[in-house]
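What follows is one structure encoded as structure tokens, with my remarks underneath.
Hydrogens, waters and symmetry mates play no part in the numbers below; they use all other heavy atoms, side chains included. Along the sequence shown, the residues carry numbers beginning at 1.
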Amino acid sequence: MIELNEEQRIIVENVRKAVRDRIAPLASESDRDGVFQWDIARLFGQMGLLQILLPPSYGGLEEDKALILCLCVEEIAKACASSALMLIIQAVGSFPIIAAGNQEQKDRFFPRLSKGEELIAYLVTEPYAGSDVAGIRAKAQRRSGEYILDGHKCFATHGGVASLYTVLAKTAEKELTLFVVERNQEGVSIGKTEDKLGFRGSNTTEVILENVRVPEENRIGEEGEGFLIAMKDFDMSRPSIAALALGIAEAALDISFNYACQRETFGRPLIKHQAISFMLADAAIQIEAGRGLMVEAARRYDRREPNTKLASMSKCFCSDMAMKITTDAIQILGGYGYTKDYPVERLFRDAKLTQIFEGANEIQRMIIAREMLKERG
């Protein structure tokens with residue numbers, strides 16, 4: 001049992017109610033049509049969910065920000081992973097300003113984000129740079145009080161619906177720097193909108209930067225600090241990806257368990273067959289273990305304790321677990337699991353992405369091993 005104070009319990013309970021009344025009814029339609037649900041985004045803004053990481057004076061929480069973000073993401077993902085991702089991307093996109101922005105930047109951008117009406121995206125990935133952030137080719141050349149940005153960003157979540165971007169670009173050969181870029185600036189254009197396997201209700205696009213003039217006051221931190229800021233962002237975001245995967249896995253287990261209790265073969269319910277009961281029992285074990293990792297990774301972040309290893313562990317374990325549980329759910333439902341009559345096929349498609357983004361799981365294992373070596377000394 002996760003201990004929460006009264007305010008936190010109310011937040012989570014309000015999210016559960018919104019999921020039941022507003023989000024779940026739209027989940028299948030959103031997936032089918034591949035349409036970003038602005039009504040849900042506005043709802044989250046009104047509920048204060050897009051502002052969780054902001055300072056309290058701008059609508060953010062006083063404490064346990066990462067943990068509450070994760071718990072809200074988990075609840076929403078049980079019904080619609082695309083909707084849950086809105087909270088994560090808003091947190092990821094605003095994090096550089098929160099963590100490394102100067103006071104003038106915070107005074108300029110936080111009032112806009114605090115209204116919950118504008119989205120901010122995080123532009124890092126490029127055609128030749130994903131998990132290998134050092135491979136970024138986007139350039140920011142300094143010229144008399146401003147920077148000229150040129151680059152091609154891809155797989156940008158909310159790229160076509162955000163009004164602000166935090167952009168990682170090269171300011172020197174081996175030097176990465178972060179900038180805030182306005183969507184409506186001259187030279188910013190939206191390229192291809194991705195037609196994806198899963199998370200179809202989430203907007204994913206290319207963002208093209210051509211001779212974009214960015215004032216020096218939009219640089220976040222000093223030149224060359226972008227990589228370190230991005231790595232700190234991952235310590236916050238990876239537990240939230242674990243929460244996203246947890247919600248997907250919990251939904252799949254709930255559906256497959258109920259089906260196994262009702263469906264009869266050879267004169268008895270599926271749940272009475274050892275092969276099926278063991279699959280369901282293993283799923284329940286893994287979900288509880290994954291939640292423990294996720295909660296501890298988030299709590300350590302909130303306590304400002306090192307959590308890099310645990311953040312990677314939670315993301316890796318929960319996403320692998322979600323892929324396994326959704327695969328087993330389809331197997332348990334048999335032919336029905338392979339149709340759109342049940343949402344397990346959507347959960348299966350959504351689970352796959354959790355193994356890939358915010359650092360592929362192969363990268364997470366490399367990070368975990370590296371951190372183990374550091375601890376050994």
In Å, rounded to the nearest 0.5 Å, how long is the span from CD of Q8 to SG of C72? 10.0 Å
Step by step, work out the side chain to side chain contact (heavy atoms under 4.5 Å, CB included) result for K315 and L293. CA-CA 9 Å; K315 190 270 184 190; L293 279 170; over 6 Å; no
Indicate every side-chain donor-acceptor pair of residues 330-339 with a distance under 3.5 Å to a residue at least two apart or in another chain.
residue : atom : partner : partner atom : Å
T339    : OG1  : Y336    : O            : 2.9
T339    : OG1  : D341    : N            : 3.2

Working for side-chain hydrogen bond (donor to acceptor under 3.5 Å, both in side chains), residues Q51 and S114: CA-CA 6 Å; Q51 302 94 316; S114 70; over 6 Å; no
Applying side-chain contact (heavy atoms from CB on, under 4.5 Å), can you list everything that pairs with [X], at least two apart in sequence or on another chain?
| X | result |
| --- | --- |
| A100 | I220, I229 |
| E6 | R9, I10 |
| K106 | I97, Q103, F110 |
| Q274 | S277, F278 |

Candidate pair R112 and E182, rule salt bridge (Lys or Arg N to Asp or Glu O under 4.0 Å), full reasoning: CA-CA 12 Å; R112 294 171 58 178; E182 300 271 1; 2.8 Å; yes
Between N102 and Q105, is there a donor-acceptor pair closer than 3.5 Å when you use the side chain of the first and the backbone of the second? yes
Under the 3.5 angstrom rule, does the side chain of K232 hit a backbone N or O of F227 as a donor-acceptor pair? no
Taking [atom1] in [X] as the centre, count heavy atoms belonging to other residues, nucleotides or ligands within less than 6.0 Å. Is the count above 12?
| X | atom1 | result |
| --- | --- | --- |
| E62 | CD | no |
| F95 | CZ | yes |
| K139 | NZ | no |
| E305 | CD | yes |

Residues that, via side-chain heavy atoms closer than 4.5 angstrom, fall in one hydrophobic cluster with [X]:
| X | value |
| --- | --- |
| V35 | none |
| I363 | M366, I367 |
| L149 | L123, Y147, Y165, V167, F179, V181, V188, I190, V207, L209, V212, V214 |
| F155 | none |

Please enumerate all residues that pass salt bridge (charged side-chain N to carboxylate O under 4.0 Å, His left out) together with D233, with sequence neighbours excluded. none
Determine whether S319 and T354 satisfy the following criterion, side-chain hydrogen bond (donor to acceptor under 3.5 Å, both in side chains), listing intermediate values before the conclusion. CA-CA 5 Å; S319 56; T354 66; 4.5 Å; no
E222 to E225 - nearest heavy-atom pair and separation: N-OE1, 3.0 Å
Checking side-chain hydrogen bond (donor to acceptor under 3.5 Å, both in side chains) for the pair Q364/S312: CA distance, chi angles, key distance, verdict? CA-CA 5 Å; Q364 304 311 312; S312 288; 2.8 Å; yes
Trace of the salt bridge (Lys or Arg N to Asp or Glu O under 4.0 Å) decision for R365 with D320: CA-CA 12 Å; R365 289 178 168 88; D320 282 349; 2.7 Å; yes
Would you call the rings of Y342 and Y259 parallel, tilted or perpendicular, where under 30° means parallel and over 60° means perpendicular? perpendicular
Not counting sequence neighbours, which residues clear side chain to side chain donor-acceptor pair (under 3.5 Å) with E75? List them please. R16, K78
Test E345 against K340 for salt bridge (Lys or Arg N to Asp or Glu O under 4.0 Å), laying out the working first. CA-CA 7 Å; E345 60 84 30; K340 294 186 184 294; 3.4 Å; yes
Please say which of K374, M231, R370 ends up in a side-chain contact (heavy atoms from CB on, under 4.5 Å) with T308. R370
Enumerate the side chain to side chain donor-acceptor pair (under 3.5 Å) contacts for residues 120-132, please, sequence neighbours excluded, ordered by first and then second residue. E126-K153
side-chain hydrogen bond (donor to acceptor under 3.5 Å, both in side chains) evaluation trace for R263 with N258: CA-CA 9 Å; R263 169 75 166 172; N258 288 333; over 6 Å; no
